[in-house]
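Lettering of chains follows the sequences in order, A, B, ..., and the numbering in each one begins at 1.
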There are 2 protein chains.
Amino acid sequence: MSLEQQPVKEHRRTRQRAAVDEVLEETEDFISAQDLHAILRSRGMSVGLATVYRTLQTLADNGDVDVLHTAGGEAAYRRCAREGHHHHLVCRSCKATVEVAGPAVERWTSSVAKEHGYTDVAHTLEIFGTCPRCAQG
Amino acid sequence: MSLEQQPVKEHRRTRQRAAVDEVLEETEDFISAQDLHAILRSRGMSVGLATVYRTLQTLADNGDVDVLHTAGGEAAYRRCAREGHHHHLVCRSCKATVEVAGPAVERWTSSVAKEHGYTDVAHTLEIFGTCPRCAQG
DNA sequence: CCCAATTTTGACAATCGTTGTCAGTTTTCA
DNA sequence: TGAAAACTGACAACGATTGTCAAAATTGGG
C-alpha cells in the first residue's frame with residue numbers, strides 16, 4: 001500500500017495565499033474559485049484569477065480544503081472543521097453545509113468494491129437538499 | 001410532494017436519435033458525448049455534435065440513461081439495465097461498470113437530511129476503483 | 001543586510017466541454 | 001398532400017479552467 005497522505009510541505013508564504021486563506025477561513029459554505037476571486041477584488045485585494053485557481057488546487061491537493069463538484073460542473077471549495085474523511089449535506093440554493101460522517105457507508109462501499117474485485121477504491125458522496133432557512137421556514 | 005417522474009413523452013423518431021440509441025445500446029460502459037460522437041463519425045454515420053449533446057441530455061432527463069460526472073469534469077452516459085435508483089462501481093482506467101443498489105445508503109442519506117431539516121433531498125454516490133482486469137490480474 | 005537561486009505571480013492566450021443561434025430539413029398528422 | 005411543429009447542423013459563443021512566460025517576491029546563506 002502506498003497511500004501516503006502526509007501534508008505535503010506548504011510552500012512559500014505570499015500575500016496572495018494569505019488572502020485566499022483568509023477568505024476561506026471566514027466562509028462557512030462552499031465557494032467557487034470565481035466567487036472567491038470576486039470577493040478579493042471587491043475588497044480591493046487584487047489577486048490574479050489564475051493564482052486563486054492555483055492556490056485552491058494546492059490546498060485541495062494537500063487536503064486542507066474539501067472540493068465539491070456542483071451540478072453546474074464547477075468546483076467549490078471549503079475549509080472543513082472535521083479532520084478525517086466525511087461527506088456534506090449541502091443546500092441547493094444557499095449552499096449552507098453540514099458535515100456528516102457515515103462509517104456504515106464507508107464500510108458498504110469498500111465491501112461492495114471488494115466483492116467485485118475492485119481495488120484502490122474511493123468514492124464520492126454528496127447529499128443535496130433545501131435547508132430549513134431556504135425552505136422559507 | 002411534486003416529484004412526478006413520468007417518462008416524459010418521447011419526441012420524434014429521427015435517424016440521428018436512432019444512431020445515438022444504437023451506440024448506447026451496444027456500449028457496456030459509460031461514454032462521453034464527445035466519444036459517442038467520434039464513434040458515429042468513425043462509422044460514417046454523420047450526426048452533429050450538438051445533436052449528440054441534445055439527444056443525450058434528453059435521454060438523461062427522461063431517465064433513459066444514467067449520467068456520471070467524471071473527475072475531469074465531463075459527463076458520461078450509460079444505458080442502465082437496472083430499473084430503479086442505483087449507483088455505480090466504475091473502473092478508473094477502463095470504465096468497466098457494475099450497477100449496485102444500496103438501500104441502506106438511501107435510508108441513511110434521507111435520515112441524515114431529515115435530521116438537519118433539509119427537504120427535497122437527493123444525493124450522488126459513485127464508487128471508483130481499479131477493476132480486476134485492469135489490476136493486471 | 002544583500003544577493004542569487006528558486007518559487008510565485010498575473011495578464012493574457014488557449015483549451016475544453018457544453019450550450020445558443022438560426023436557417024434549412026424532416027416528421028407528424030389531419 | 002400540406003403545413004405546423006420539432007429537429008438538425010455548422011458555427012459562434014460561453015464559462016470554467018489551465019498554460020505561458022516575463023516580471024516580481026520570498027528564502028536561505030554569506
Side-chain angles (χ1 to χ4, degrees), chain A residues 7-24 29-62 64-78 95 124 126, chain B residues 7-24 29-62 64-78 95 124 126:
Chain A
V8 183
K9 68 160 171 259
E10 253 303 288
H11 297 137
R12 296 186 172 172
R13 259 77 73 59
T14 67
R15 170 178 70 74
Q16 293 82 341
R17 289 182 188 179
V20 170
D21 262 14
E22 194 185 311
V23 174
L24 284 174
D29 311 326
F30 278 91
I31 185 175
S32 71
Q34 305 269 2
D35 287 351
L36 202 160
H37 179 247
I39 290 180
L40 289 175
R41 301 223 103 196
S42 78
R43 291 189 185 172
M45 313 185 66
S46 155
V47 177
L49 179 56
T51 299
V52 172
Y53 270 101
R54 279 184 299 235
T55 303
L56 287 174
Q57 196 145 277
T58 300
L59 288 171
D61 289 348
N62 288 21
D64 293 328
V65 297
D66 281 11
V67 193
L68 178 66
H69 286 88
T70 75
E74 48 191 340
Y77 304 81
R78 179 174 186 271
K95 298 282 200 318
T124 65
E126 304 296 344
Chain B
V8 182
K9 68 159 169 260
E10 253 303 288
H11 296 138
R12 297 184 172 173
R13 257 76 73 61
T14 67
R15 170 179 69 76
Q16 293 84 341
R17 289 181 189 182
V20 170
D21 262 12
E22 194 185 311
V23 175
L24 284 174
D29 311 325
F30 278 91
I31 185 176
S32 71
Q34 307 266 3
D35 288 351
L36 202 160
H37 179 247
I39 289 180
L40 289 175
R41 302 224 103 197
S42 78
R43 291 189 187 173
M45 313 185 65
S46 154
V47 177
L49 179 57
T51 300
V52 173
Y53 271 101
R54 278 184 298 235
T55 303
L56 288 173
Q57 196 144 278
T58 300
L59 288 171
D61 289 348
N62 288 20
D64 294 328
V65 297
D66 281 12
V67 193
L68 178 66
H69 286 87
T70 76
E74 49 191 339
Y77 303 82
R78 179 173 187 273
K95 298 284 201 319
T124 66
E126 305 296 344

inquiry  = What is the distance, to the nearest angstrom, from the CG atom on A:L40 to the P atom on C:dG10?
reply    = 10 Å
message = Just verifying a value: how many Å separate B:L56 CG and B:R54 CZ, rounded to the nearest 0.5 Å?
response = 11.5 Å
request  = Using atom CG of B:L59 as one end and atom C1' of D:dC7 as the other, report the distance to the nearest whole Å.
outcome  = 14 Å
key: Contact pattern, 5' to 3', of nucleotides 23-30 of chain C - B, S or - by protein heavy atom under 4.0 Å   = ----BS--
ask   = Are any of the side-chain heavy atoms of A:Q34 and A:V52 separated by less than 4.5 Å?
value = no
task = Take B:Q16 and B:V20 through the side-chain contact (heavy atoms from CB on, under 4.5 Å) test and state the conclusion after the steps.
result = CA-CA 6 Å; B:Q16 293 84 341; B:V20 170; 5.8 Å; no
query = Can you find a side chain N or O atom of A:Q16 that sits less than 4.0 Å from OP1 or OP2 on C:dG10?
reply = yes
key: Nucleotide D:dC11, atom C1' - distance to NE2 of B:H37 in whole Å   = 13 Å
message = What is the distance, to the nearest angstrom, from the CZ atom on A:R17 to the P atom on C:dT7?
response = 11 Å
Donor-acceptor pair, side chain of A:H37 and main chain of A:V47, under 3.5 angstrom = yes
inquiry  = Just to verify, what does B:F30 make a ring pair (Phe, Tyr, Trp, His ring centres under 6.0 Å) with, not counting sequence neighbours?
reply    = B:H88
query = Out of curiosity, B:D64 CG to B:T55 OG1, how far, rounded to the nearest 0.5 Å?
reply = 12.0 Å
message = For the CG atom of A:L24 and the CZ atom of A:R17, what is their distance to the nearest 0.5 Å?
response = 13.5 Å
key: B/S/- contact track for nucleotides 15-22 of chain C, protein heavy atom under 4.0 Å   = --BBBBB-
ask   = When rounded to the nearest 0.5 angstrom, what is the spacing between CG in A:D29 and CG in A:L68?
value = 11.0 Å
